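Just so it is clear, the model here is predicted, and its values are computed rather than measured. Start at 1 and go down the list; that is how both ligands and their atoms are numbered. We number each residue from 1, following the sequence as shown.
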Amino acid sequence: MIKKILIANRSEIALRIIRACKELGIKTVAVHSEADTDSLHVRFADEAICIGPAQSSESYLNTLRILAAAEVSGADAIHPGYGFLAENPEFADMCNSSNMKFIGPSANVIRKMGNKSEAKALIKKAGVPVVPGSEGILKSIEEGKELVEGIGFPVILKAVSGGGGRGMRVVNSMEEFEMNYQMAQAEAQGAFGDPDLYLEKYIKNPRHIEIQLMADQHGNVVYLGERECSIQRRHQKLIEESPSVVVSDELRQKMGQIAVQGAKQVGYEGAGTIEFLLDEDGSFYFMEMNTRIQVEHPVTEMVYNRDLLKDQIRVAAGEKLGYTQEDVKLVGHAIECRINAEDWERNFMPNPGEIKSFHVPGGPGIRVDTHAYERYHIPPFYDSLIAKLIAYGKNRDESIARLNRALEEFIIEGVKTTIPFHQRLIKRAEFIEGNFDTGFLDRINLLE
Ligand code: ADP
């Protein structure tokens with residue numbers, strides 16, 4: 001039984017967790033930094049505790065303060081959301097040894113999956129196809145060069161501890177190899193405190209297709225179809241949808257079953273996602289596993305009519321999943337646009353500040369997950385996601401039509417947002433036809 005959950009996060013996801021808890025009759029404790037006193041997650045939680053100054057290291061990443069807040073408030077579980085401590089195995093360990101259930105898989109699984117090259121090796125053993133590349137960490141520039149002789153260019157150098165689309169470099173020739181290797185190492189050290197790299201064949205024009213999984217503590221694992229996340233800017237997702245126009249029922253089943261196999265092999269528990277690259281020829285390769293709820297989970301919720309947060313909390317409490325793969329039925333189509341406080345015309349530069357007016361769209365098929373409101377000050381310290389707009393329709397055309405009109409209704413004044421960007425993008429013929437890959441956005445110019 002879980003009676004009280006401390007939410008170790010902020011913004012829309014903290015609010016999303018609170019909503020699930022309320023529906024389950026679970027009490028909530030919000031923690032927040034001094035910069036987030038006026039955030040909606042603070043307002044809607046049953047209790048709120050300020051845990052420190054604005055900088056994440058002093059607040060949302062401060063494990064001791066968070067655990068102290070959980071102790072003081074009498075919480076019996078901690079939900080990490082996404083980002084911050086969600087994939088930190090030490091934190092998961094600390095929670096569990098303080099008798100607070102960390103809502104997610106075991107620290108051991110998080111640790112294994114958090115090391116991207118180790119995860120790849122492990123998942124390969126479970127029979128999941130992986131991108132050809134180094135077995136584990138690259139030990140030297142020479143080892144890398146030797147490998148490329150076999151694989152061929154282009155290749156991609158990736159930080160073992162990388163995430164969020166950062167710490168990656170594409171290399172096109174032997175001449176560039178050494179310099180890119182050194183730069184990637186320096187970047188990885190700077191961003192993740194770990195210079196280790198691994199190498200992969202760079203798949204040309206792939207689709208990013210990910211499988212949503214849900215697993216209980218009793219060995220039941222189901223997949224809830226795929227999400228198409230190929231609309232990315234510099235490896236960061238901007239639009240996600242489910243289902244993908246290129247995934248047939250047959251391919252979905254194949255990818256889903258393989259993902260379930262992988263999850264079973266590692267003893268997975270809770271909500272998780274396996275990310276794949278889908279090649280033009282229809283083959284697909286494991287890229288990584290995210291051991292948490294993802295930003296884009298709502299599109300899956302809409303088309304499978306399930307509440308993934310509630311499922312995640314229920315299974316963390318030891319409950320059985322309560323449904324089987326046969327019960328998982330895909331109905332309709334959903335697309336999500338990430339609304340960021342960014343000046344998309346100036347290289348998506350973050351644009352924090354006060355929201356002067358805020359009008360949220362509504363009507364059939366529209367869902368908005370946001371912590372923002374009129375007069376809300378977007379603090380400059382965290383990521384720039386201020387809302388997720390999700391449009392559901394009986395098919396993709398209806399979902400796009402609803403998205404178009406909802407973007408028009410969505411009024412945010414005072415800060416620049418990515419709304420105009422999305423309006424332009426979803427009117428492009430390539431988007432409407434579903435004809436895009438992960439490189440699409442970086443190839444076109446929407447400013448024209
Ligand atoms: P992160 O954890 O930072 O999100 P991923 O490993 O999931 O990193 O990769 C993010 C994105 O980078 C992918 O969605 C894809 O666009 C691109 N990418 C990663 N690996 C490859 C590869 N081997 N070939 C082509 N593109 C890749």
Side-chain angles (χ1 to χ4, degrees), residues 82-84 86-88 110 112-124 128-138 144 147-148 150-172 180 184 187-188 190-194 196-212 226-241 244 246 255 259 262 272-281 283-297 338 383 385 436-443:
Y82 53 69
F84 297 121
E87 287 170 293
N88 182 316
I110 301 174
K112 282 183 182 147
M113 292 298 133
N115 181 311
K116 290 175 149 198
S117 66
E118 197 185 321
K120 226 177 125 175
L122 201 76
I123 217 86
K124 194 175 162 189
V128 180
V130 301
V131 191
S134 59
E135 301 270 337
I137 299 162
L138 278 182
L147 266 170
V148 190
I151 300 172
F153 284 105
V155 295
I156 184 167
L157 288 166
K158 298 166 85 168
V160 166
S161 305
R166 294 181 308 146
M168 285 179 288
R169 260 170 188 272
V170 180
V171 191
N172 289 301
N180 275 285
E187 270 169 25
F192 313 107
D194 175 2
D196 285 344
L197 303 176
Y198 67 110
L199 180 145
E200 269 176 6
K201 181 172 179 55
Y202 186 68
I203 311 287
K204 285 229 193 75
N205 309 327
R207 297 249 181 177
H208 174 123
I209 305 285
E210 56 187 37
I211 301 287
Q212 176 69 52
E226 79 282 7
R227 287 184 291 262
E228 158 76 72
C229 308
S230 302
I231 301 286
Q232 309 179 342
R233 181 182 164 270
R234 301 193 180 157
H235 305 308
Q236 306 225 22
K237 302 163 185 168
L238 280 162
I239 294 185
E240 301 97 347
E241 61 182 301
S244 163
V246 293
M255 292 179 89
T273 299
I274 294 194
E275 299 188 334
F276 292 103
L277 285 176
L278 178 63
D279 206 343
E280 285 167 312
D281 66 6
S283 40
F284 56 89
Y285 307 100
F286 169 86
M287 203 169 19
E288 67 166 335
M289 178 164 200
N290 291 318
T291 55
R292 54 170 161 84
I293 195 76
Q294 284 187 274
V295 175
E296 59 272 25
H297 75 273
R338 297 195 190 193
D383 76 35
L385 181 74
F436 49 79
D437 56 70
T438 58
F440 169 64
L441 258 194
D442 295 326
R443 283 196 300 272

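If you number the atoms of ligand 1 from 1 as listed, the ones under 4.0 Å from a heavy atom of Glu288 come out as 1 (P), 2 (O), 4 (O), 5 (P), 7 (O), 8 (O). Within the listing of ligand 1, atoms 16 (O) sit less than 4.0 angstrom from a heavy atom of Thr438. Near His208, with a cut-off below 4.0 Å to any heavy atom, the atoms of ligand 1 are 13 (C), 14 (O).
Contacts of Lys204 with ligand 1, taken as heavy-atom pairs under 4.0 Å, are absent altogether. When heavy-atom distances to ligand 1 are checked against a 4.0 Å cut-off, Arg166 comes that close only through its backbone atoms N, CA, C and O.
Residue Lys158 places a heavy atom under 4.0 Å from ligand 1. The shell of residues lying under 4.0 angstrom from ligand 1, judged by heavy atoms, includes Lys201.
Taking only non-hydrogen atoms, the option from Lys116, Glu87, Met287 nearest to atom 8 (O) of ligand 1 is Lys116.
The main-chain N or O of Cys229 is found under 3.5 Å from a side-chain atom of Gln232 such that the two form a donor-acceptor pair.
Remark: Glu200 does not engage Lys116 in a salt bridge, criterion side-chain N to carboxylate O under 4.0 Å. Ion pairing of Glu187 with Arg169 is present here, as a side-chain N (NZ or NE/NH1/NH2) and a carboxylate O approach within less than 4.0 Å. A salt bridge does not link Lys112 to Glu118: none of the charged nitrogens lies less than 4.0 Å from a carboxylate oxygen. Classification of Glu288 and Lys120 as a salt-bridged pair fails, no side-chain N sitting under 4.0 Å from a carboxylate O.
Remark: minimum distance from atom 12 (O) of ligand 1 to any protein heavy atom is reached at His235 ND1, 3.1 Å. For atom 3 (O) of ligand 1, the closest non-hydrogen atom of the protein is Gly165 N, 2.4 Å. The single protein non-hydrogen atom nearest to atom 16 (O) of ligand 1 is Gln232 OE1, 2.9 Å, given as residue, atom name and distance. Atom 10 (C) of ligand 1 has as its closest protein heavy atom Met168 CE, 3.8 Å. Among all non-hydrogen protein atoms, the one lying nearest atom 27 (C) of ligand 1 is Leu277 CD1, 3.8 Å.
Both the sub-6.0 Å distance and the 45° axial angle are satisfied by Arg207 relative to the ring of Phe436.
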Could you check His208 against Glu275 for side-chain contact (heavy atoms from CB on, under 4.5 Å), going step by step and ending with a plain yes or no? CA-CA 7 Å; His208 174 123; Glu275 299 188 334; 3.4 Å; yes

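In terms of polar-atom proximity, Ile203 is counted as a contact of ligand 1, with an N or O under 3.5 Å from an N or O of the ligand. The shortest N/O to N/O separation between Tyr202 and ligand 1 does not fall below 3.5 Å.
In this view, Thr273 and Arg227, Gln294 satisfy the side-chain hydrogen bond (donor to acceptor under 3.5 Å, both in side chains) rule, not counting sequence neighbours. Checked against side-chain hydrogen bond (donor to acceptor under 3.5 Å, both in side chains), Asp437 has the following partners two or more places apart in sequence or in another chain: Arg443.
Nearest approach of Val160 to Ser117, heavy atoms of both residues: CG2-OG, 4.0 Å.
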